[in-house]
Engineer: 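Before I ask anything, here is the structure I am working with.
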Amino acid sequence: MSYERYRDWFEEAIDDFEAATELFKVGKWSKVCFLSHQAVEKALKSLMIKELNIYRHTHSIAELLREIGNRIEFPKN
């Protein structure tokens with residue numbers, strides 16, 4: 001995998017988020033949930049690729065957050 005692809009993942013995350021936002025306005029709740037999950041998953045994968053040079057083939061947001069949290073120190077506040 002090309003580690004420059006983090007931009008592609010991030011752009012897809014933004015696209016999914018924008019679609020979820022529009023669907024929220026018309027009450028398409030299941031699609032909003034699905035696309036929101038996709039947006040977060042893709043944004044986290046983008047972060048992992050950019051900052052850690054790792055790609056994880058998982059759909060678990062909890063797993064991605066756990067791995068990122070173990071490797072990247074974030075400000076406490």
Engineer: Among Thr58, Leu44, Ile68, find the residue that satisfies the side chain to side chain contact (heavy atoms under 4.5 Å, CB included) test when tested with Glu63.
Structural biologist: Thr58
Engineer: Just verifying a value: how many Å separate Phe10 CZ and Leu47 CG, rounded to the nearest 0.5 Å?
Structural biologist: 9.5 Å
Engineer: Once you round to the nearest 0.5 Å, how far does NZ of Lys45 lie from CD1 of Ile61?
Structural biologist: 10.0 Å
Engineer: Do Ser46 side-chain atoms and Tyr6 backbone N/O form a donor-acceptor pair below 3.5 Å?
Structural biologist: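 Yes, the answer is positive, given that a donor and an acceptor are paired below the 3.5 Å cut-off.
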Engineer: Rounded to the nearest 0.5 Å, what's the gap from CD on Glu51 to CZ on Arg71? Could you check?
Structural biologist: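 Glu51 atom CD to Arg71 atom CZ measures 13.0 Å (nearest 0.5 Å).
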Engineer: With no hydrogens and no angle check, is any side-chain donor or acceptor of Asp15 less than 3.5 Å from a backbone partner on Glu11?
Structural biologist: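 No; judged by distance alone, with no hydrogens or angles, the pair does not exist.
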Engineer: Going by the rule side chain to side chain donor-acceptor pair (under 3.5 Å), which residues pair with Asp8 if we only count those two or more places apart in sequence or in a different chain?
Structural biologist: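 With neighbours one apart ignored, the set is Arg5.
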Engineer: Does the side chain to side chain contact (heavy atoms under 4.5 Å, CB included) test come out yes or no for Tyr55 and Met48, once each step is laid out?
Structural biologist: CA-CA 7 Å; Tyr55 171 78; Met48 286 184 76; over 6 Å; no
Engineer: Could you walk me through whether Phe34 and Trp29 pass the ring pair (Phe, Tyr, Trp, His ring centres under 6.0 Å) test, one step at a time?
Structural biologist: CA-CA 9 Å; Phe34 175 76; Trp29 311 121; over 10 Å; no
Engineer: Counting distance only, does the side-chain N/O of His37 pair as donor-acceptor with the main-chain N or O of His59 below 3.5 Å?
Structural biologist: yes
Engineer: Looking at Ala20 and Ser36, what are the two nearest heavy atoms and their distance?
Structural biologist: CB-OG, 3.8 Å
Engineer: Do Glu41 and Asp16 pass the side chain to side chain contact (heavy atoms under 4.5 Å, CB included) test, and can you show the C-alpha distance, the side-chain angles, and the key distance before you say yes or no?
Structural biologist: CA-CA 10 Å; Glu41 181 184 332; Asp16 287 346; over 6 Å; no
Engineer: What do the steps show when you test Phe17 against Leu35 for side chain to side chain contact (heavy atoms under 4.5 Å, CB included), and what is the final call?
Structural biologist: CA-CA 7 Å; Phe17 177 74; Leu35 288 170; over 6 Å; no
Engineer: Give the intermediate values and the outcome of side chain to side chain contact (heavy atoms under 4.5 Å, CB included) for residues Lys25 and Leu23.
Structural biologist: CA-CA 5 Å; Lys25 293 175 185 175; Leu23 290 167; over 6 Å; no
Engineer: To the nearest 0.5 Å, what is the distance between CD (Glu22) and NZ (Lys28)?
Structural biologist: 13.5 Å
Engineer: Taking all non-hydrogen atoms of both residues into account, name the closest pair between Val32 and Phe24 and its distance.
Structural biologist: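 Closest approach of Val32 to Phe24, heavy atoms only: CG2-N, 3.3 Å.
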Engineer: Could you measure the distance from the CG atom of Leu52 to the CD1 atom of Ile72? Nearest 0.5 Å is fine.
Structural biologist: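 Reported value, rounded in 0.5 Å steps: 4.0 Å.
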Engineer: Please report the interatomic distance CG(Leu64) to CD(Glu67), rounded to the nearest 0.5 Å.
Structural biologist: 7.5 Å
